[in-house]
Amino acid sequence: MERANEDRLIQPDEKTLTYDKYLKIHELLSLQQELSEPKEHDETLFIIIHQSYELWFKQILHEVLRCQSLLDRDEILPVLRSMKRIDTIQKVLIQKVDILETMAPDEFNRFRDRLNPASGFQSHQFRILEYKLGLKNKGYFKYHQHEPDTLAKLEKTLKEPSLYDSFFAFLARQGYQVPEEVLQRDLTQPHQANPKVVDIFEDIYRNHLNHYEIYSFLESLVDLDEQFTIWRYRHMLMVSRMIGSLTGTGGSLGAKYLATTLEKTLFPEIWNVRNQLGVKK
Ligand code: HEM
C-alpha cells in the first residue's frame with residue numbers, strides 16, 4: 001500500500017540541507033531594517049519593494065550577460081528564450097508599482113525624511129543595466145566616488161560591449177554588412193543611430209521569413225525598450241502621486257526630472273526602421 005503523504009515527507013536534522021539554509025532565509029529576513037522611530041507601518045513595504053526590485057535587476061543582468069555570451073558563440077535561438085524571460089520580468093516590475101501606490105502620500109511622508117538623501121537615482125545596478133543596454137554615460141561615476149567597489153564595477157561595464165554591440169558583432173559574422181563605424185565604435189560612448197543599420201533592419205523585416213530568428217530578436221529588443229520606458233513612465237506617475245512636484249530625496253527636480261528620462265531610447269534603429277517600413281516598396 002502506498003505510504004501516506006505525511007510519512008513520505010523528509011524530517012530534516014541539523015545536517016540536512018533545508019529550504020531556509022539553501023535560500024538563506026534568516027539572513028534575507030534580517031535585511032529589512034526600518035529607520036523610522038517609532039516604527040512607521042509602511043516603511044517595511046518601501047524597503048521590501050526596493051530590495052525586490054534590486055533582486056530582479058540582478059536577474060535581468062544575469063540574462064543579458066547570458067544573451068551576450070550566446071551571441072558571441074553565434075547561438076541565437078536560446079537568446080530568444082532569455083529575452084522572453086526578461087520581458088516577463090519587466091512586466092512584473094511594472095506591475096509592482098501598483099503595490100507601492102497602495103501607500104498614500106501622508107503615509108510616505110511620515111518616514112520620507114529618514115531616508116534623505118538616499119534615492120533610487122543611486123541604484124548602481126540600474127546604471128549597470130542602462131550601460132549594458134547601451135545608455136553609456138560616465139556622468140554617473142561621481143555619485144559613487146565614495147564606494148570604490150561599485151565605482152570599479154561601473155567603470156568596467158562602461159568599457160564593455162552592450163547587448164546591442166554583441167548583436168552587431170554577431171550580425172557581421174553572419175554576413176550582414178554592418179558598417180565599420182558601428183563595429184569599431186568607442187564603447188564608452190552611447191551608440192549613435194546609423195542609417196546603414198536601418199537599411200539592414202529594413203531588409204530583415206521585409207524578408208523576415210528568410211531571417212526569422214534575427215527578426216524575432218529585433219522584435220524582442222523593441223519589447224525590452226518599450227517595457228523599459230513604460231517602467232520609467234509608471235515610476236514617474238507614482239512619484240507625482242506620492243510627492244507632487246517636490247524635489248526628490250536625491251536632489252533632482254523630482255517628477256520633472258524623471259519626465260526627461262522618458263526620451264531615452266535603447267535601440268534607436270529598431271524604432272527608425274518603422275518609418276521606412278511604413279512606405280510601400
Ligand atoms: C515612494 C516611492 C518612490 C519615490 C517617491 C521615488 C522618487 C524618485 C525621485 C524623485 C527620483 C529622481 C531622483 C531624486 O531626486 O531622488 C527617483 C529616481 C529613481 N528611482 Fe525612485 N522613487 C520611488 C520608488 C522607487 C522604486 C521602488 C524604485 C525601484 C528600484 C526606484 C528606482 C529609481 C531609479 C532607478 C531612479 C533613477 C531614474 C533615472 O535617473 O533614470 N524608485 N525616484
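Nothing here was measured: the structure is a model prediction, and the numbers come from that model.
- Screening residues 193-222 for salt bridge (charged side-chain N to carboxylate O under 4.0 Å, His left out) gives E181-K196, E202-R206, E202-K281, E219-R274 as the qualifying pairs, with residues at least two apart or on separate chains.
- Between atom CZ of residue R81 and atom CZ of residue R85 there is a gap of 7.0 Å, rounded to the nearest 0.5 Å.
- Contact of the D225 side chain with the T229 side chain is registered, since non-hydrogen atoms from C-beta on lie closer than 4.5 Å.
- A donor-acceptor pair shorter than 3.5 Å can be found between the side chains of D13 and T16.
- Remark: D106 engages R110 in a salt bridge, criterion side-chain N to carboxylate O under 4.0 Å.
- Distance CD1/I49 to CG/L93: 10.0 Å, rounded to 0.5 Å.
- The same ILVMFWY cluster, assembled from side-chain heavy atoms under 4.5 Å apart, contains both F121 and Y233.
- Between Y53 and H235, the ring centre distance reaches or exceeds 6.0 Å.
- In this structure, M103 is not a member of the same hydrophobic cluster as L35, with clusters built from ILVMFWY side-chain heavy atoms closer than 4.5 Å.
- In this structure E34 satisfies the side-chain contact (heavy atoms from CB on, under 4.5 Å) test together with S36, K39, E43, T44, I47, sequence neighbours excluded.
- Rounded to the nearest 0.5 angstrom, I89 CD1 and L55 CG are separated by 11.0 Å.
- Q145 is linked by a side-chain contact (heavy atoms from CB on, under 4.5 Å) to F141, L151, counting only residues two or more places apart in sequence or in another chain.
- Partner L70 forms a side chain to side chain contact (heavy atoms under 4.5 Å, CB included) with one of V79, L65, L80 and no other, that one being V79.
- Both L277 and W271 belong to a single network of hydrophobic side chains, linked directly or stepwise wherever heavy atoms of I, L, V, M, F, W or Y lie under 4.5 Å apart.
- Note: L28 CG to L23 CG = 8.5 Å, rounded to the nearest 0.5 Å.
- Atom CD of E27 is surrounded by more than 12 heavy atoms from other residues, nucleotides or ligands within 6.0 Å.
- Between the Q227 side chain and the K91 main chain, no donor and acceptor come within less than 3.5 Å of each other.
- The two residues L135 and R232 have their closest heavy-atom pair at CD1-NH2, 3.5 Å.
- When the side chains of ILVMFWY residues are joined at heavy-atom separations under 4.5 Å, either directly or via intervening members, I86 and L77 end up in a single hydrophobic cluster.
- Neither W56 nor I48 shares a network with the other; the hydrophobic side chains, linked directly or stepwise wherever heavy atoms of I, L, V, M, F, W or Y lie under 4.5 Å apart, form separate groups for each.
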Pair N137, R127 - check side-chain contact (heavy atoms from CB on, under 4.5 Å), show working. CA-CA 9 Å; N137 176 358; R127 296 304 169 209; over 6 Å; no
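- Taken from OG in S216 to NE2 in H211, the straight-line distance is 12.0 Å, to the nearest 0.5 Å.
- R73 forms no cation-pi arrangement with F170, by the criterion of a distance under 6.0 Å to the ring centre and an angle within 45° of the ring axis.
- Residues passing the salt bridge (Lys or Arg N to Asp or Glu O under 4.0 Å) test with D7, sequence neighbours excluded: none.
- The shortest non-hydrogen separation linking A172 to V178 is N-CG2, 3.8 Å.
- Applying the side-chain contact (heavy atoms from CB on, under 4.5 Å) test to N116 and every residue at least two apart in sequence or in another chain returns T249.
- Expressed to the nearest 0.5 Å, how far CG of L171 lies from CD1 of I214 amounts to 5.5 Å.
- Scanning all heavy atoms of the two residues, the minimum distance from Y131 to T157 falls at CB-CG2, 3.9 Å.
- A distance-only check finds no donor-acceptor pair linking the side chain of Q90 to the backbone of I230 [under 3.5 Å].
- Heavy atoms of other residues, nucleotides or ligands lying less than 6.0 angstrom from OH of Y205 number more than 12.
- A donor-acceptor pair under 3.5 Å links the side-chain atoms of Q122 to the main chain of S119, judged by distance alone.
- Here H124 pairs with nothing under the ring-ring contact (aromatic ring centres under 6.0 Å, His included) rule; sequence neighbours left out.
- When all heavy atoms of L100 and M242 are compared, the closest pair comes out as O-CE, 3.6 Å.
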Does the side-chain contact (heavy atoms from CB on, under 4.5 Å) test come out yes or no for E160 and Q68, once each step is laid out? CA-CA 11 Å; E160 287 170 354; Q68 288 189 277; over 6 Å; no
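- Annotation: salt bridge (Lys or Arg N to Asp or Glu O under 4.0 Å) contacts of K159 (sequence neighbours excluded): none.
- Ion pairing between D98 and R234 holds under the 4.0 Å rule for side-chain N and carboxylate O.
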Give the C-alpha distance, both sets of side-chain angles, the deciding distance and a yes or no for side-chain contact (heavy atoms from CB on, under 4.5 Å) between L163 and L221. CA-CA 10 Å; L163 175 63; L221 287 180; 3.9 Å; yes
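- Remark: the backbone N or O of L158 is paired with a side-chain donor or acceptor of K136 at under 3.5 angstrom.
- Scanning for ring-ring contact (aromatic ring centres under 6.0 Å, His included) contacts around F168 gives Y164, H191, with sequence neighbours left out.
- Considering all non-hydrogen atoms of both residues, V239 and A255 come closest at CG1-N, 4.1 Å.
- Between L17 and K21, the shortest heavy-atom contact is CD1-CB, 4.1 Å.
- Scanning for salt bridge (Lys or Arg N to Asp or Glu O under 4.0 Å) contacts around R185 gives D165, with sequence neighbours left out.
- With sequence neighbours excluded, the residues that form a ring-ring contact (aromatic ring centres under 6.0 Å, His included) with F46 are H50, F108, F111.
- For S123, the side-chain contact (heavy atoms from CB on, under 4.5 Å) partners are E54, F57, Q125, F126, not counting sequence neighbours.
- Annotation: side chain of M83 is not in contact with side chain of D223 (no heavy-atom distance under 4.5 Å).
- Side-chain contact between E107 and E40 is absent, with no heavy atoms from C-beta onward closer than 4.5 Å.
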Carefully, step by step, assess D87 and L224 under the rule side-chain contact (heavy atoms from CB on, under 4.5 Å). CA-CA 6 Å; D87 183 59; L224 199 166; over 6 Å; no
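- Within a 6.0 Å sphere centred on CD of Q177, other residues, nucleotides and ligands contribute 12 heavy atoms or fewer.
- Side chain of T265 to main chain of F267: no donor-acceptor pair is present (N/O by atom type, distance under 3.5 Å, no hydrogens or angles).
- Looking at K153 and K156, their side chains never come closer than 4.5 Å, going by heavy atoms from C-beta outward.
- Applying the ring-ring contact (aromatic ring centres under 6.0 Å, His included) criterion to H208, with sequence neighbours excluded, gives Y215.
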